[in-house]
Amino acid sequence: MKNLFATGIRVAIFVVVVMLFVGCRDDKEIVVPENEKVNDVEIQTSVAGFYLLNEGNMGSNKASLDYYDYETGTYTRNIFAAANPDVVQDLGDVGNDLQIYGSRLYAVINCSNLVEVMDARSARHIGTIEVPNCRYLAFSGAYAYLTSYAGPVQISPTYEQLGYVAKIDTATLAVIATCNVGFQPDEIEIVGNRIYVANSGGYMTPNYESTVSIIDIDSFTEIGRIEVAKNLHRLCADSHGQLWVSSRGDYYDTPSRLYCIDIATSEVVDSVMTAVSDLCLSGDSLFVIGTEFSYETYETAVSYGIVDVVKHELVIDKFITDGTDEKIKIPYGLAVNPSSHEIFVTDAKNYVSPGKLYCFDSNGVMKWNVTTGDIPAHFAFLYEQVKQEK
């Protein structure tokens, strides 16, 4: 199969070299992507590769995009500048979410107040969507739905600006409507004709939010809220009519936990005693990593578990089985290849220097690892049919 992504990069590098000679980029540092061969073993997978969005420390303007190609076993760092020699190199300040929908790649850049929209095959710039303090994306039909804190980055127990969900026309990239929800809404999930939003109230410590907003997708109005727990964050719907939502707790005496909502009744029906900073559903297995910090001990408790969504139980308390977890300082991002079932865990390390990406087989044994950008966090898998589109 022809490697379209690699071809796009080669073309972009050629353009960069030409422009070095004609002197048209005097105001920009030329960045050539770094390629590293990390895997020689052929994998049977319908996934062509994946993108990894590195958040970059807040205020550093260092969000960046990497790509792993399954055909070549090559990991490419910082591809955005090479793919877009005529666009300002940096993605911006804090990459907060990454999604592929149709043939487009969407990167939510939180503190830069925008979503960068790219071609999913080449990472070439298509356009931007401007939404203040934007957080997480979900899609349905011709529309994207994006959570927004709406107000500035400001810690205050009396914060007054409600957050909202923006409705975006994916054809024009225009925001066509907004719907107010709770304070500082984070992850978003769409099930049928309803949108679910995890309200955190994260800026309002110690007065955190504790509800999941329900939006009717047709009228685009909030029709109810579900009381769950303090400082909600992640959302994930399974195939059994259940919505899983994580609470960060308050970092003191209220711990991080995982809660199960019955979608039919809009009620919390169970909880699992495990900390959650990121999660990923693979079949009936909900993979979770926890990095639970406590202001009482000033220590961070780290965990790697698998929750059975049918049994509502933590059935595996450590999915890394070969001891590699001892090398990971701050597990941060998590993904499971839906075809090969490889498990990916990122390490944010000290949050200000390049991180690491670890690839494990389905049994939790490390296959390879590679250096990433700063604070590697969000994955988007690229399927073969998208890569081969004409």
| query | What orientation do F50 and Y70 show, parallel under 30°, tilted 30 to 60°, or perpendicular over 60°? | reply | perpendicular
| field | Modelled atom types, side-chain donor and acceptor of N57 and D374, under 3.5 Å | value | no
| message | Is the positively charged end of K230 above the ring of Y208, judged by distance under 6.0 angstrom from the centroid and angle within 45° of the axis? | response | no
| field | Parallel, tilted or perpendicular, as decided by the 30° and 60° cut-offs, for the rings of Y358 and F360 | value | parallel
| query | Once the angle between the rings of Y67 and Y51 is folded into 0 to 90°, is it parallel (under 30°), tilted (30 to 60°) or perpendicular (over 60°)? | reply | tilted
| Backbone N or O of I375 within a donor-acceptor pair of the E55 side chain at under 3.5 Å? | no
| task | Please name all residues satisfying side chain to side chain donor-acceptor pair (under 3.5 Å) with N110, sequence neighbours left out, ordered by chain then number. | result | N133, R135
| query | How are the rings of Y136 and H378 set to each other: parallel, tilted or perpendicular (split at 30° and 60°)? | reply | perpendicular
| request: Fit a plane to each ring of F379 and F381, take the angle between them on a 0 to 90° scale, and name the class: parallel (under 30°), tilted (30 to 60°) or perpendicular (over 60°). | output: parallel
| From CA spacing to verdict: ring pair (Phe, Tyr, Trp, His ring centres under 6.0 Å), Y251, F293 | CA-CA 6 Å; Y251 312 106; F293 177 77; 7.3 Å; no
| Between D119 and R124, is the closest basic N to carboxylate O distance under 4.0 Å? | no
| field | Whether W368 and Y75 hold their rings parallel, tilted or perpendicular, with breakpoints at 30° and 60° | value | tilted
| Just by modelled atom types, is the E130 backbone N or O under 3.5 Å from a matching donor or acceptor in the N113 side chain? | no
| task | For the residue pair N54 and S64, confirm or rule out a side-chain donor-acceptor distance under 3.5 Å. | result | yes
